[in-house]
Structure formats: structure tokens, C-alpha cells
Amino acid sequence: MSPAPDASTHGDGSGTQVRHGGSPGRSRGRSRGGDRVMVPDADFTSYYGRPIVKAAPWEHDIAYYLFTGGVAAGSSLLAGGADLTDRPGLRRAGRIGSLVGLLLSIVALVHDLGKPSRFLNMLRVVKLTSPMSVGTWILSLHGPFAGLASAAELVGMLPTRWQRGPVRLLLRLGRPAGLVGAVTAPPVAAYTAVLLADTATPAWHAAHEELPFVFCGSAAAASGGWAMVTAPIAEAGPARTFAVGGAAVELVMAHRMETSMGLAAETLHTGTAGRWMRASKVLTATGAAGALLGGRSRVLSVVSGTALMAGSFCTRMGVYEAGMASARDPKYTVVPQRERVERGEQVRHQG
Amino acid sequence: MGPNSLFGPLDPASDAGYTDAPKRKGFFTDTSVCIGCKACEVACKEWNDVPENAFEMLGTSYDNSHSLNANQWRHVAFIEKPAAKPSAPSVDLGMPAVGAPVSDVPQDEKPDFQWLMSSDVCKHCTHAACLDVCPTGSLFRSEFGTVVVQDDICNGCGYCVAACPYGVIDRRRGPEGDPKVGIAQKCTLCYDRLTDGQRPACAAACPTESIQYGDVDELRERATARVELLHERGVMDARLYGNDPDDGVGGTGAMFLLLDEPEVYGLPPDPVVTTKDLPRMFTRAGMAGTALLIGAALSFVRRRP
Amino acid sequence: MAESRSLLPWPVLRQLTSGDLLGRGKAVRSRRTDEVEPRTSTADRVARSVCPYCAVGCGQKIFVKDEKIVQIEGDPDSPVNRGRLCPKGSASKNLVTSSLRETTIKYRRPHGTEWEDLDLTTAMEMVADRVVKSRRDAWQELDEKDRRVRRTMGIASLGGATLDNEENYLIKKLFTAMGAIQIENQARI
Amino acid sequence: MAEAHPVGFQWVVEAQNRGAKVIHVDPRFTRTSAVADKHVPIRVGSDIAFLGGIISYVLENGLDFRDYVVNYTNAATIVSDRFEDTDDLDGLFSGFDPDKRTYDPTSWQYDVEDEPGQQSAAQADDSEETQEQRDSAAGMQHEAHGMQVEGKPRRDETLQHPRCVYQVLRRHFARYTPEVVEQTCGVSQADFLEVCRAWTENSGRERTTALVYSVGWTQHSVGVQYIRTGAILQLLLGNMGRPGGGIMALRGHASIQGSTDIPTLFNILPGYLPMPNPDQHATLGDYVDSIRNPGSKGFWSKADAYTVSLLKAYWGEAATPDNDFCFDYLPKITGDHGTYRTVLDMIDGKVSGYFLLGQNPAVGSAHGRAQRLGMANLDWLVVRDLFEIESASFWKDAPEVATGEIVPEECATEVFLFPAASYAEKEGTFTQTQRMLQWREKAVDPPGDCRSELWFFYHLGRMVRERLADSTDDRDRPLLDLAWDYPVHDEGALGSEGAQAWGEPSAEAVLKEINGYDVATGRPLSSFVEMKADGSTAGGCWIYTGVFADGVNQANRRKSRHDQSFVAPEWGWAWPMNRRILYNRASADPDGKPWSERKAYVWWDEEQQQWVGDDVPDFEKTKPPSYRAPEGSDGIEAIEGIDPFIMQGDGKGALYVPQGLIDGPMPTHYEPVESPFRNPLYGQQANPTRMDYRRDDNPMNPAPPEEHSDVFPFVFTTSRLTEHHTAGGMSRYLEHLAELQPEMFVEVSPTLARERGLEHMGWCHVVTARSAVEGRVLVTERLRPLRVEGRTVHQVWMPYHWGGGGLVTGDSANDLFGITLDPNVLIQESKVGTCDVRPGRRPTGPALRELVADYGRRAGIGDQLPARIVTASADAQARSLAAAETSDDDQEGQ
């Protein structure tokens, strides 16, 4: 038989048609998944093994954005907190993290658009039923303030003789902008989970209960890690706590997510997604441990900070790949729905 | 905005703000008279200047169009359904003929071979996930209750592609130089023709009127009558698909009469619009966000000053 | 379009005012969407024709705009096809507007390996000369059994059955007058 | 029908919705079978055995529609006692000459009242020239007129007389029992009997059954007899001439019917007048008498008026009574000048110039290799088409260039590829498969140098006449006297700078000439009855007279279907005289009353004293059903009130054809020329009278009783896909069609795939004695092995649309067929053959010819004596020949 039909939809630039020896009749047969999994092979029917729903056309830009968005959100929180608790070093690290995160996010989002020139059409409407529209407005709220705060930070780092005229106004706005940025940061970290979940992609949709927590935890871990790397050890205490808390939430909620996803959970353990997720667990766990124990040593802080960030990145990539894989194999769409129908529990509107 | 705005039976046009909208238009596709001629595929491409998909044989019976996508707004599925073999072990021989080999003496048993054909199209759902998630307002509900992409607005974010429970809409990747590359494309139920009272190109062309165009409520009656007639004639496999306003997408504007399970045709057996769970998702995200905020605050409070 | 177009420029405002709060329809329409018109109603003229593919004889309407064919679809008045077409009939516009269509004369000289170009009148002159010569060279006043036949065996023809009756008539009339008898058509193949 | 005529199929689906049962008999389960109520897989080439079995079922059980059969068919007519049937002569009829492989039909004639077995004058002169008739596809002449019968043949209305046609027919098909059908066709007896019951139970007064076939059914060495079998069955069950009955021929090109009505065919003139031959048609008088056969009934009696009108249309004033209206200008044909004979002559270098007018023989005709080798040996070739088809570019990309048989540098053929105007860029009429002329309006001017054939031939004619203007040579008179000045549209966009006018000739003027007009006044004729033989009328095609009745282009009528009856007589115009169902007099009983209210169509109205109904009556309007012909009358006057089949010599439907068909009065099951089976019914293996070209470049696969037929064990057939058009010239170049079926493929059953190691979507190549073609393998259960004569036979199917050009290319399936033709109309057998199938792609270059040669050697082609065509027993041949000789003696005896 031909290799597992990791075929994406037709005409997909990189996609290959389904090349398996599609029998002329119905391709009732084993799910030709890659490696064996503990879930018993579900016997199901499909149309020559072709996908029923379509994988999102998003390249890896979106996975990167999930990560950079998380870092930006977490960092502006840390910056806000640091500003209030007079930790200039942590504040600076936070605000720079927020700025870098935001800039990378914007680049990733615009680059992934089919028609980048029409990016501003995102602001044409407010679609409450569209997490991406809601997210866009959240970003347009959070972005300027976080950006302003970061700008103030950068200006603050300039030699004092430059700090005259309007620039001084900017410095004064730094704090309030930072606080608004901090308050609007959590939605930035959480909305991306709703964006993925509010699709027909089996793995993402099935994870909608826990994914926000995983993403927020991941944001905290990543931004904490960033601060552990960039902020002075002395001031990085809260960052470490934030990171450890985030990592814990992420690991716990990721596990709960997998148990609640049903068949689609398979995609988190197999294939590329499986590799990413396993890496993320290892990195996040070690990073968190490092944050807990090595609070003192510079080297350990940098290492565990980096590990935490890497772990968060792997989580995002893993969730992205799992979604894609769950859309490409019709099994994940047909089997749960067919079982619902056979149990007589089709989704019907009651009364 | 009404009670069923996110899920449940609804008149989509009035829900979308039209005051004196015409009756909702749609398709009823009776696959029992479809002869797989693909006139619908060609008529659609000619009217909407949809470019070619690819020139490659797929070996899946007479379907070389693969599936609905940005370059294929109508897709005729072909399923060669071998005779129902009595309890033949469905051993995967690795050879093309899945199931027991055809007995060498064909005369003795009566193989009731079936060649199922069906022209698939966008469902123009009552609750259209693609329309709901579209962040630019490019996908909109027309006054006829159909779901249409506004080519001049779409920026190709691709969200609709992942949201569609039927895998209909797609972002156009090629061919080179096509003006619509990069934006989402799908059946518009010939919105331009409808504004002038004309029939969609595929319905006009369909030789056996397997594709019927008309008012959705009237089509639902016709569909019910047709499936009852077929049952009387002993075609017990006939069933309707998408005509129930209470189903997971609030009933579809394009409904079908199928002769086998939906997944045999590549259709989801129990599709649900993702918007149904959106309130729950936003609630959970709100909790997670709050937790994050609190977590951040706690991170600062507990530390020694 | 029954609904009048709102004056508010920004769809978000229209969402708030036009009862389409969720921005699902009336509020998000672009100007182009409001002004859309099908080609079939903006055409200059409609020619009533018949599909060139098989012999069922489906009626077709050909819409022309600025001397270009913009749409070909079934003729609903025809009792033969009642407005319907098959995949080939539906592809008629693709046939007549195909970029692969030849629009100039191509000429291959004896022993040549490439096409060369010819203009229409030169090509017609060359073919006329060859017809006259081949007709004379292979003229048979009497056949091998000395029966009077007055014909030429030098020219043959094979027509497709998509030729019009009028064309078939002139072709048969001219070749018969020339004495060319090896005149055949797809009707026999 | 759903495959190649989907829009026509809407009516089948509509009938099905109203409860009609649809049965599809086809070797392969197609898209028609998918919607039909029953699919009956049949072995290719055994259709006469199948239908013959049904005829036998009808006659053995007396299920025929007796009133219809007795009055409207020649069932009661008594056949001469000297006729001997295939039962006694091992598959031959009486009167067979094994050397000339033709029949002398004398022994088949009716028993005429004056003397038994005596042939009427009309029939006599037809008997000797059967060989010449085969060569000139005389069968084509009978398209619109039946066999000639004269005098009063004896009849037995009770149908008991052992020699009446009814009994002769019953004995002829008696051996086609359900068991024989099962053995020969591979159709189970249960399926066969189900078809028999369905067909008979759905025929009679209250109900009718329609028989529908596509052109592929005619492409057999017994093609005409296939149609005959269907006609006999439909006549026996009373389905002809009635609504919902009849035989519908679905043709593949827009105007195939038009291309035989106004033929560019070698053997007929417009209106099915035969092309003259030097022996029988020395003068106009001989010519006309040979057609109308004085003494015969029917409308052919006015053959003189039709012929003279045609000659007046051709040569105008030059045609005068004293020069027989230039009858002598008509070139004479001497036997077979069909396309296949011409192509073989091209290979032998006998043809100088060749015109291809929207036709692609390199892919569409049988034996593609011969077509291309022929074209490579011409002086010049003119191809007029929309695209650069394979027949235009053979010199640089034909398969033979790859094998080295055509070397471009050595190929001397001069090729002109003229761009043609498409159907939307010129006005004119098509004649559809229901004989309906529809006028097409011109939408736009043709682009660039594209021109219509009307333009091309009008100006070619003008230029040739200019070159011969001052010729005194008598051979050029026909051209110089030709009536060739047609009104020309203004040059407008078409004009190029040439001196003469280069405008487009008026198609309407040509249609007026076709319709016919009164020479003096120019008034268009309204019916062929107005045609005169004295030169006062001119008319290009008598059966089309009426298309311009009252000076109105009736073909351009477009009255909406919503505003007229379901017969829609005011949409376009059908020949003859706008009748939509031919012979519709038969839809009423002998007294003129409808057979049933449900099936009323045309009936006699007592007060109005004329025939009325939904359609134009195919009968003289005021001739009552009670009319009986006076003694000694002939022509139209001889047609009685109960003779619906007004074109036949006896006014009756022909269950039995005493003469006019070259391979016998009744259809007989013969095996295809290439078959893996011995004919189970008779010693005579294949059609003994078929046209065969015995040449080493046209080898045929061996068939029993010869040896080595097992070298090609499988039966293969070709047909069309909905998505493509015949030779692909109008579909492989279109994106929207090419992508639907992008590659040449071969359909095989799973069992065959397992036997030969063919992998689904892998490659395979199919080999015959002519060539090998490759294609992707499509394993499908829609093709199933059949049990024939006790063993399993695999059938392989291929589409034949591919060639080297266009957006999607592939091998041409027609390369696999040789050239062997039906004797009546010289159509090639390209729907059944034997082959071998091998996995993998075919060899390329010269290795391809080696593969084919190797198969040839193993099949014993070439080295042994040429295969015997006449395989009936020697004794049978002798007795059959004896029947021919006695009739000659009689002649001399008088």
C-alpha cells in the first residue's frame, strides 16, 4: 500500500493528491495512520480517504504568532507589575519583550494573509462572532498602549539631553500606557485559543474547554522565561514565579485537554505534533524546575528561561500541527460524528 | 440579533438585517437522477471564470476534480459501490479490489452493483461558520439568504477555510496570474444572476434536473415528497441531508437526497456550526485571562519587597 | 437592490444602525456588491444558436458584448433541451474563445520540419493552383474498362459532420463539378 | 445515452419518473446503467443473437401486435419457394457466390401472383450488380427509399402459410433460444427473459416501447443488420410510427443526419439520389428508371422531378432538356471510393491532394497508422480546423515519426492548416438526429484569418473557375457552366486587400437553392410534390423542400415550447414536410381510428375527410383509410389507405427484405471479424459478404476456425466519455473539459487485473495486430467477465478521444483497429476486436513495431494462407450457389 496519505487538499502548493491505492469501491478500511496508537483502530467510511473538512491554509506564521503574542502579552503584564513595584530592570525587560513580541506578531499576521495589502479591512467591521475580529480589536487596543509604554522605555534609555519637548510627555505617559497595556494583555493571550477552537478542525474544536488555559499558561511561562533571561536576577523574582505558575498551569491543563478531546487527542501524540508536544513537556518541566531552584545563578536563569520559552514555542507548534493533521485525516471528523449518530445523539436544536 | 442567532432554526436574511427580503433561495440536489455528466462543474466555471484545478487523473472512478475548493465550486462525486457481499471478510488485500474477490462465475449471485453520483456544492448554511468567523465582513448573507464572498473585500486571512464543517471554501493558490489568487473563493449561488431573477448556471444546465433551484421551503417539501416516492418504489437507502432546520447548522440552503451514508460521498454525518460553542469558548477564555491577570498580580505580591 | 444603500461609510456604524448588529449581511455589503449585474443582462445582443457538439441539437443563447462572446448557455425556449446543456455544450464559450485556437494560416513546405506563416489570399491562390493541377494530372475520361467516367482521382476530401448543410451543399456541388468523387464524411466513420 | 447524449437523456429520466422501466444493454456498466432500472452486460458483437432471441420469444409465444403486423408489415406476403434459409445452408442464404462473396437475391423474392418465383422487372435488373452495389455502399440509397416491389405479391392474411414472411421469420430465429442467447451473449437466461417480458408487456395498443441506440452500434461488420433486428422487433410489437415508440439513433456529431441528407459522401447526391455509375446510368432516363423502378409504389416514382431539379440547381441555364439537363456532367463512380479505400490508395501513392474539413482521421478513423502513413504520401493536404489537430501535425509528431516510419525531412506532403470559423461565427443550419433543421444566427465575426467552409469553397470555386475561364477543354465545361454566383455579404471585417471581393457568401441564398424554386419566377417551392421533371423547377435537395416554404426560413423558427404542443412543430423544421414522427399513419388502426386514446397521435377525421392529429400526417392528407389502389396503378397512386410505410415499394414495414441488402433478407448472428469464439449457431463464422482489404498493412487478428486466436484472448471495445468529443479536437484543447478526464485510460475488471498483474492507476498497454496503445489502468467492477460458450471471456474498454495534441495527450485507441467494413454502407468495424493486455508502458520508437511484429508472428499473420472468409460447409455453399444458377437459367430459358 502506498505511504500514509499525509495528503493535504488538492491544488495545495505543497500538497500531494491522495495517492493511496484507492479502491474503486468505498475505501472502508483501516485508518492508515502512521504509527500505532493505543486507541483501537476505528473502522470508518470516507470518500477515497479524502479530507472532509479543510485544514486552515495558515503557514507556520500563525504558530509563531501564537508564541510571540503570548510573550508580548505576558511581558506587558510583567512590565506593568514591575512598574508598580518599582523594578525598573524587570519593567524594561518586560516592555522590550512586549515590543519585540508585538512587532513579530504583526509581521507574522500580515505575512500570512492572502492579500496583505488589504490588512486594514480587518478594521472594517466588528464581528462578535469572529474571534479573529474580536482579537484584532483587542490588539488594536493593547498594541498602541503597550507600544507607547515600550517607546517610553526606549526613550528613557536615551541620553538625558535628548529628553526634552514632546519626548518628556511620552515619558510621563509611559506608566499609564503600560498599565492599560497590562490590563489588556490577558485577552491577547487568551483570544488566540478561541480563534483556533472556533473552527471545524477536530483537534482544535475538541480542545476548546482547556486550550485558553494552556495558551495563557504558555504565555506566562514564555514571558517569565524571557524576563529571566533579560532582567537582572534580583528583580526577576516575580518573573520566575509567573513562569513557574504558568508552566504548571500549561502542563496540567494540557493533560486535561488531551483526556477531554476524544479521538482527536490522537493527533497530539502522533506524527510531528506528537514530537513537538513531547519536546514542549520536557522543556517546560525542566525550565520550571530551573526557575524554582536556580533563582540565584545567572547561567541557570538564562538556561531555564530559554527552556521555558522553547517549551512554550513547542506547545504552540504542537497544537498547530495537531490541528492540521486532524483536519487532513477524515477519520477525526467522521468517527466521532458517526458514533453520535449511532447513539441517536445527533446535535439537534431543542425547542 | 434574535434568540436563534447563533444556533437553531432561523430566517437568515431577516436575521442579517434585511427588512423585506425575498424568499430564501437554495438548491435541492436529487442524486438519484444524477448521471455524473459534470455539466454543473463546467457551467459554473464558465459563468464565474473559475480557472482549472489540475490536469491529473486521480483513479477514483470518474472523479478527477478531487473535491470542492477555490478552483472547484461544483464537484461531482463518483462511488462504485460493489454488490453487498454476504459477510465477506473485509480483508485489506492491498490490491485495489477491497472486499471479497468477485466470484469467477458471475451468473449465480445477483450483484446489484451501484454507481452513486452526486454533485456537491456549498451548503449556504442557515448558520454559516465561514460567515460568522470572517473578520472583514467579506463573507455576507445576501438578501436571498445565500452566503457570498465579496472579492473586493477579502484579504485572504483563511479563517473561513478552517471554520467550514463541510470543507467547501478555500483560499485560491493558483494558477499564476489569476486575479483572485490569495482570496477565499466558493459558490456564490450565482448571486449576480439572482439579482436579475435568473437561475444559477449549474441549475440551468443540469440535464436531468438533479440540481433543482428554488425557494428553500418549497424545495424542502419537494425533497420530502421525492424521498417518500422513492421509498414506495423500494429504494430504501434514499434519505435527505440538510433539510432539517434543527440540525447542527440550522438546515442548509443546499439540501440533498442521498442513496447512502453521507460520509460515503465525503459529507460529514452530523455537522455542527462551530459558532454554537462560541459563547462557551469566550467564557473559558475570559476565565483563563482572569487567571493570568491574577497570576501575574500574585507573582508580584507574594515576593518580599 | 430592494434595500436602499446606507450612506454611512463605515460598516461598523451601519452595524449599529441597520439592525445587522452581528455584521452578517446588510451592514457589510460593499458598493460593488450592491451594484453587481450579470453579464447576461448587460450584453449588447443575443444570438440564438445550436450547440456544435452532438446531434441532440440543444438550443443555445450566445451573449455578445463589445463584439466579444461573453456567455453561452442553454435556450429555455427550445423544446429539445429546455435550457439545459451537457458539459461539452456548457464549455462552448471555452471552445470559441480558447487561446489555443488557430487564427492564422500555417504552412509546411515539403520536407519541412517547422510551420511557416502564410497570408490568407496567398494560401488561397496556392491551393487553387494545386487543385487545378492535381485535377488535370489524375483526370480519367475513361476508366480501365473504357467506360466514360469524366472524373479525377487526384483529389479526395473528408468532412466532419459538424459542417452546415449549406457548406456540405457547396462542397459536394463544387467537387462534383470538378469530377472529384472521393468525397467522404464522418457520417460513414 | 447518458454518456454521450446527456441532455437527450432528460426525457428518459422524465419517463422513468412517470413509471417507465429503463433497461440498458451494454458490455459495460456506464452512467446510463447507473440510473437505469436494469443493466444487462452483453458480450460485444453478439447483439443479433440477443435481439434475435427476443424476436423468437415474441413469435414462439404469439406476442406480436397482430392487427398492426398483418396490416402494416409484409408479414403476410409469401416468399418464393426457391428461398432457402441459414438453417439449411449452415449460415448462408440461397444464392451465394463464394468467389464474388455476394448473393443473387432472385431466390429471395416474393411469390408474385402471375408466376411463382418469377422476378418482377423492377427486381430483375438489381440482381447482377450486387458486387457493384456493395462497392458503392448501395445500402445508403435506401436511407430514404425502400426496396422495390412490383406487381401483386401473394399474401396469406392468416399468417399460416409456411412460406409467408411471418413463418419464414419464425423458423429463421427458432434456433435463437434462451439457452443459445446465454451461450452466445453471456447474458443469463433470467436477465434475458426479464428483458423479453418487459419489452412485450410494454407494447401493444395501450403502451409502446422505444429502442434507442448510438452510432457505435452501427460500427460493426453486421452494423446494418443490427439496426434491422431492432426494426423487425419494433415492427412485430407495433411500436413504429407511434409516440413513445420507434427507433432513435443518437448520433455523435451535430449534423451527421445533415451530412447524409446533403452528403459529402462518394456514393450519393443530395436527397439520397445515387451517384451515377457508367453501367446502369448511361443516360438520364436509365438513371431515373433505376431509382423509381416503374411498377413500384411509393414516392420514389417522382425520381425524375427530383433529379432534374438537382441538375437545374447545379448547372442553371446550361441544363436544358436537350442535353439531359447536363446529366452527362456528373462524374461516374465505379465501385468503392470510400474513405478507407482512398486512404489505402494514398499509401499506394494514387492520390495527390486531400482536404480535411473539421475531421481528425489520425485519431477518429480506424487504423490510425494507415491514416497517417497515407497522409505522409500525398502531394498536398489542406486541413481546416479550429486547432492544430493531429491530422495537421502528423509530419512532426505522429507516433510513426517516433518509430521512424515517417521521417519529416523525407515526407514530401505540403500541408496547409487553415483556421476555421467556429459555429458561433457563421450562420447556417444543422440537421439534428431527429431530422430537424435548426438555423444558427451568427454571433460575432470570426477572428483573424478564420473563415467558414462556405467562404473557403465559394472562393476556391471562384478562383478555380477563373483559372479555367478560357479553357476550351470539354472536361472543364461542368465547372464553367456551374451556377456559382451566390450573393455575398459585404466584405466588412472579413475583407482583406485582395482585388476580388472576399466577402462571406449568403448561407440563406444557398438554403433557398437547397429548398428549390420555380425557375421562371424564383418562388420558393413549398413541397417536393411541386417539383417538375421539365426543368421548370430547380432544387438542391428534394427531401429538404419546404424548409423555405412561403419564402420564410422555417429552420429559423423559434416559437417557444411554452406556446405550442409537445410535438413543437413550429420550432425549426424537420424533413420531410416537417413531420416529427415518420410513418405516423401507423399510429392509427386500419380504419383510421387511434389504436388507443392514450396513444392517439394521428387519425382520420370523418367530417373533415382528412388526417388530423398532433403531428403533420406522414400520409396524403385526404386519402381515406378505405382507399384501395386501382388495378395496375403504381407510384403514389398505388399507396393504399393501409400502407403507412409510404417510402417502401409495397407500402409495408419490412420484416423481410427481398432485395436491397447485400448480406441477406433477415439478420443472422455472425461473429465479429476478430473474435475468440467459433460461431455457435452456424458454420459461417463472420459476415461472408463483408468488405475486406487483403493487404499486409491491414492485418486482422486470427479468429476460429483459424488457429492462434488465443494470442489475442480478450475482447475489447471503445466508446465515448461525456467529457470529451469524438476525436478530441473540440475537447482536449479546452481547459474546462480536459481537466475532467485528463488521461487516456483502460478499464479492466478486478479479475483480469489480478490475472495480468495490472495495478490500479499503474500503466498497461493493449496490443493487436496493428499497433499497441498505452493507458492508465482503471480497475473497476463495472466491467465483469462473462461466461460465453462454457468459458470465461474478459472484456476491456477504452475511450478513443486521445491523441498527441491539446492540453491533455495520450495514445489513440483507434490505432488498434484494422479496416473491415459492413457490406451495405461500408462503415468500419471499430467497436469490437480482440487484443492482449500487458502491464507497464508500451515500448517506444522502433521497438513498438517489433512488439507488434512479434505478436503477428505468434498469431501466424502473414505466413499462412489468407484466412478463409467463407467458412460454411462446402455442401452448403454448393447448394446455395445452385439456387443462384437456376435463376440465371430461367432468364435465358424465356
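Side chains included, hydrogens not; waters and symmetry mates left out as well; all remaining heavy atoms used. Bear in mind the structure is a predicted one, so any value in this text is a computation, not a measurement. To find a chain, count down the sequence lines: A is the first, B the second, and so on, and within it residues start at 1.
- For the set C:I62, C:T152, C:L95, the count of heavy-atom pairs under 4.5 angstrom toward chain D peaks at C:L95.
- With sequence neighbours excluded, no residue forms a side chain to side chain donor-acceptor pair (under 3.5 Å) with C:R108.
- Counting heavy atoms from C-beta outward, C:M124 and D:F418 have side chains that approach closer than 4.5 Å.
- Of the possible donor and acceptor atoms, none in the side chain of D:R251 sits under 3.5 Å from a partner among the backbone N and O of C:A187.
- Note: C:W115 and D:W395 have perpendicular aromatic rings, judged against thresholds of 30 and 60 degrees for the angle between ring planes.
- With C:N185 as the fixed residue, the side-chain hydrogen bond (donor to acceptor under 3.5 Å, both in side chains) test singles out one of D:T339, D:T260, D:T264: D:T264.
- Counting only distance, with no hydrogens or angles, the side chain of C:E102 and the backbone of D:A420 share no donor-acceptor pair below 3.5 Å.
- Side-chain atoms of D:Q438 do not come within 3.5 Å of backbone N or O of C:S49 as any donor-acceptor pair.
- Salt-bridge check for C:R101 with D:E425: passed, with a basic side-chain N closer than 4.0 Å to an acidic carboxylate O.
- Judged by distance alone, the side chain of C:N94 and the main-chain N or O of D:H736 form a donor-acceptor pair under 3.5 Å.
- Salt bridge present: C:K173 and D:E513 bring a charged side-chain N and a carboxylate O closer than 4.0 Å.
- Judged purely by atom type and a 3.5 angstrom limit, C:R45 uses its side chain to pair as donor or acceptor with the backbone of D:A443.
- In this structure, the side chain of C:R188 engages the main chain of D:V825 through a donor-acceptor pair within 3.5 Å.
- Applying the salt bridge (Lys or Arg N to Asp or Glu O under 4.0 Å) definition to pairs two or more places apart or across chains, those involving residues 70-87 of chain C are B:R193-C:E73, B:E209-C:R84, C:R48-C:D75, C:R48-C:D77, C:R82-D:E14.
- Among C:V96, C:I171, C:T176, C:I69, the residue with the largest count of heavy-atom pairs under 4.5 Å with chain D is C:I171.
- A salt bridge is absent between D:D473 and C:R135; no separation between the charged side-chain nitrogens and carboxylate oxygens falls under 4.0 Å.
- With hydrogens and angles left out, the side-chain atoms of C:Q60 and D:Y423 include a donor and acceptor closer than 3.5 Å.
- For D:E410, the part sitting under 4.5 Å from any heavy atom of chain C is the backbone (N, CA, C, O) and nothing else.
- Ion pairing between D:K332 and C:D143 fails under the 4.0 Å rule for side-chain N and carboxylate O.
- Inter-residue side-chain proximity for C:K145 and D:T334 is flagged as unmet; no heavy-atom pair is nearer than 4.5 Å.
- Put simply, the side chain of C:E167 gets close to the backbone of D:E453: a donor and an acceptor are under 3.5 Å apart.
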